[in-house]
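Please read the structure below before turning to the comments.
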Amino acid sequence: MKFEVKRKYNLNVPSWDEIIKNLQYSIDNELPVEKKEDFVVCHDAYLIKEVMKMMGKLKASSAHLYINFYPKTDTFGKHDDFVDVIFWQVQGKTLWEVNKKKYTLNPGDIICIPKLVMHDVKPLTIRAGISFSI
């Protein structure tokens with residue numbers, strides 16, 4: 001996979017209602033949910049209809065839902081991943097820093113991050129996004 005940003009890749013994004021239902025489902029069924037102050041990650045985003053469609057299109061093996069309830073809070077900080085990742089911005093805006101360059105993602109945009117490439121993500125607004133492992 002090569003690094004790239006695709007604007008308005010898929011504007012058929014999950015609604016806030018679907019996102020909150022996915023979070024509630026995870027909590028109700030005691031599925032893994034990572035919490036860090038105003039930042040939450042659900043590991044069962046594949047249950048959202050639009051996400052299922054994207055998984056097929058991207059040939060993804062998993063989908064994780066990332067939610068920030070407060071802008072400008074921390075996420076995981078600067079890190080890399082051991083798999084190729086495609087991130088789909090579905091609500092709000094995020095600022096990505098990759099190779100010392102900055103990219104603002106809006107709903108419908110995707111960013112492709114090859115494995116072992118360092119990156120950092122900062123929410124600019126209340127936001128939700130889906131991370132696909134490829």
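One finds the CE atom of Met52 at 10.0 Å from the CD atom of Glu50 (value rounded to the nearest 0.5 Å). How far CD1 of Ile134 is from SG of Cys112: 8.0 Å, rounded to the nearest 0.5 Å. Taking CD1 of Ile130 as the reference point, atom CZ of Phe87 lies at 7.5 Å (rounded to 0.5 Å). For the atom pair CG (Asn22) and CD1 (Ile67), the distance works out to 7.5 Å, reported to the nearest 0.5 Å. Between atom NZ of residue Lys93 and atom OG1 of residue Thr125 there is a gap of 7.5 Å, rounded to the nearest 0.5 Å. Note: Tyr103 OH to Glu4 CD = 11.0 Å, rounded to the nearest 0.5 Å.
Tyr9 and Val90 fall within a single hydrophobic cluster, where Ile, Leu, Val, Met, Phe, Trp and Tyr are joined by side-chain heavy atoms under 4.5 Å apart, directly or via other members. Both Tyr25 and Tyr46 sit in one connected hydrophobic cluster of ILVMFWY residues. Membership requires side-chain heavy atoms under 4.5 Å apart, directly or through other members. Hydrophobic clustering, with ILVMFWY side chains joined whenever heavy atoms are under 4.5 angstrom apart, groups Trp88 together with Ile126. Each of Val41 and Tyr70 belongs to its own hydrophobic cluster when Ile, Leu, Val, Met, Phe, Trp and Tyr are linked at side-chain heavy-atom distances under 4.5 angstrom. If you chain together hydrophobic residues whose side chains sit under 4.5 Å apart, Val40 and Leu124 never meet in one group.
Put simply, the side chain of Asp109 gets close to the backbone of Lys8: a donor and an acceptor are under 3.5 Å apart.
Side-chain contact between Asn68 and Thr94 is absent, with no heavy atoms from C-beta onward closer than 4.5 Å. For the pair Val13/Gln91, a side-chain contact is recorded, criterion being any heavy-atom separation below 4.5 Å from C-beta on. In this structure the side chain of Asp84 reaches within 4.5 angstrom of the side chain of Lys115, judged on heavy atoms. Side-chain contact between Arg127 and Val121 is present, with at least one heavy-atom pair separated by less than 4.5 Å.
Of all non-hydrogen atoms in Gly108 and Leu11, the two that sit nearest each other are CA-CD2, 3.8 Å. Ala45 and His64 get closest at one heavy-atom pair: CB-C, 3.9 Å. What you find for Pro114 and Met1 is that their closest heavy atoms are CG-O, 3.4 Å. The two residues Ala128 and Ile19 make their nearest non-hydrogen contact at CB-CD1, 3.5 Å.
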Evaluate side chain to side chain contact (heavy atoms under 4.5 Å, CB included) for Asn10 paired with Ile110, printing each intermediate quantity in order.
-> CA-CA 8 Å; Asn10 184 346; Ile110 63 170; over 6 Å; no
Side chain to side chain contact (heavy atoms under 4.5 Å, CB included) between Arg7 and Val5, worked out | CA-CA 6 Å; Arg7 304 290 178 190; Val5 175; 3.7 Å; yes
Residue pair Leu65, Val51: steps toward the side chain to side chain contact (heavy atoms under 4.5 Å, CB included) verdict = CA-CA 10 Å; Leu65 170 61; Val51 174; over 6 Å; no
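Ring pair His119/Trp96 is parallel by interplanar angle, where below 30° counts as parallel and above 60° as perpendicular.
Within 6.0 Å of CZ in Phe3 there are more than 12 heavy atoms belonging to other residues, nucleotides or ligands.
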